[in-house]
Amino acid sequence: MSTPAPNEIAYDKIRAVEWENGRLKLIDQRILPDKFEHLYLDHLPESAKAITDMVVRGAPAIGVTAAYAVVLAARDWYKENPTRWQKAIQPDLELLAKARPTAVNLRWAVEHMRGLINAGIPGNPVMRLLSEAQRIHAEDIAANRRMGELGAALIEKDSGVLTHCNTGALATGGYGTALGVVRAGYAAKRIKHVFADETRPWLQGARLTAWELVQEGIPATLIADSAATWLMKQGKVAWVIVGADRIAANGDVANKIGTYMTAVAARYHKVKFMVVAPTSTVDMNTLDGSKIPIETRAEAEVLHFGGIRTAPEGAQAWNPAFDITPADLIDAIVTEKGVVTNPTRDKMLALMKK
Ligand code: MRU
């Protein structure tokens with residue numbers, strides 16, 4: 001199937017993850033925007049591999065996928081052994097939790113589903129676990145809409161904004177985190193123009209964010225990541241708006257590589273910096289950013305561009321997928337429970353107690 005024309009898919013209809021006729025259905029984000037295709041999965045191990053291989057990516061979307069993958073595993077193990085399936089499923093849960101290390105939503109979803117399983121589900125567990133996965137999915141969309149309103153309210157009328165990576169419907173249960181604020185802010189005429197970093201090396205900005213914004217008809221300009229500082233110098237953006245893969249207890253934020261340098265540049269140019277993430281991304285068990293595991297991905301992602309090798313044979317590459325932005329470079333963390341300005345440990349604790 002070819003890519004749909006702009007506006008053929010309204011934003012609230014884009015679903016990176018769906019449960020359809022007893023199967024897990026994922027948009028294959030590796031081939032967008034060239035091709036719009038779905039993968040259908042029936043078992044947990046292939047779902048874990050889809051997460052590792054970035055068929056589906058973005059912290060909240062990975063969490064929702066994991067919840068549905070647990071349903072697939074429960075179906076398989078209950079069929080295999082209706083009396084001992086709760087024990088037999090455990091290695092699968094571990095495999096899933098390790099599919100990617102940085103986004104805490106993945107482990108959060110697995111532990112949530114494991115809690116239900118370990119508490120005991122009488123008889124066939126599929127319907128009970130499926131309704132929980134669907135609840136997690138629906139709550140993520142509702143949280144994104146709330147964050148969209150809260151984040152947009154912080155932005156002055158007719159502002160330019162810069163975003164990094166893809167944090168939209170493709171990265172979440174639907175609507176998006178930082179891109180949800182962009183959607184709400186554009187609708188409320190607070191955002192006039194969006195700049196999107198292309199986000200080397202995987203090009204989430206060029207391939208996915210630009211695709212979502214074109215679908216929306218939101219005026220957007222793609223820039224090379226290295227143009228962001230110069231863009232700020234021109235006074236073109238009032239806010240940088242990004243998502244998060246994990247927020248530590250002190251407000252330090254792990255997000256897509258390049259977020260940190262953008263935050264440093266923003267502070268220098270007096271551009272405000274906003275992080276938008278549901279509380280399922282907040283990890284109060286991780287004291288600060290130095291304790292967050294950072295995924296290192298294949299060198300090939302840096303040595304190649306669009307599948308074509310651009311570096312000479314023999315060249316080496318370093319490919320950290322995420323970096324840590326310290327809390328003191330962040331002006332606002334927007335969650336569905338409220339906004340934390342100038343985050344500190346005490347403020348994060350108060351938020352999580354709400
Ligand atoms: O490697 P990815 O594409 O999974 O990284 C995604 C990001 O860094 C996003 O900014 C983050 O997950 C928030 S998505 C709402």
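One-based numbering, in listed order, for ligands and for the atoms of each.
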Given the rule in the salt bridge (charged side-chain N to carboxylate O under 4.0 Å, His left out) test, do Asp283 and Arg246 qualify, once you have shown the distances and angles that lead to the verdict? CA-CA 7 Å; Asp283 180 7; Arg246 192 185 300 216; 2.9 Å; yes
Between Arg57 and Gln29, is there a side-chain donor-acceptor contact under 3.5 Å, judged purely by atom types and distance? yes
Can you say whether the rings of Trp108 and His112 are parallel (under 30°), tilted (30 to 60°) or perpendicular (over 60°)? parallel
Report all N/O contacts between ligand 1 and the protein shorter than 3.5 Å as a table of atom names and distances to 0.1 Å; if there are none, say 'none'.
| residue | atom | partner | partner atom | Å |
| --- | --- | --- | --- | --- |
| ligand 1 | 1 (O) | Arg100 | NH1 | 3.4 |
| ligand 1 | 1 (O) | Arg100 | NH2 | 2.9 |
| ligand 1 | 1 (O) | Lys256 | NZ | 2.7 |
| ligand 1 | 3 (O) | Arg57 | NE | 2.8 |
| ligand 1 | 3 (O) | Arg57 | NH2 | 3.2 |
| ligand 1 | 3 (O) | Gln204 | NE2 | 2.8 |
| ligand 1 | 4 (O) | Gly58 | N | 2.9 |
| ligand 1 | 4 (O) | Arg100 | NH1 | 2.7 |
| ligand 1 | 8 (O) | Asp245 | OD1 | 2.8 |
| ligand 1 | 8 (O) | Asn255 | OD1 | 3.2 |
| ligand 1 | 8 (O) | Lys256 | N | 3.2 |
| ligand 1 | 10 (O) | Asn255 | OD1 | 2.6 |
| ligand 1 | 12 (O) | Ala59 | N | 2.8 |
| ligand 1 | 12 (O) | Asp245 | OD1 | 3.0 |
| ligand 1 | 12 (O) | Asp245 | OD2 | 3.2 |

Are the side chain of Asp140 and the backbone N or O of Ile136 linked by a donor-acceptor pair below 3.5 Å? no
Keeping Glu336 on the side-chain end and Thr279 on the backbone end, is there a donor-acceptor pair under 3.5 Å? yes
Taking the inter-plane angle between the rings of His137 and Tyr68 on a 0 to 90° scale, is it parallel (under 30°), tilted (30 to 60°) or perpendicular (over 60°)? perpendicular
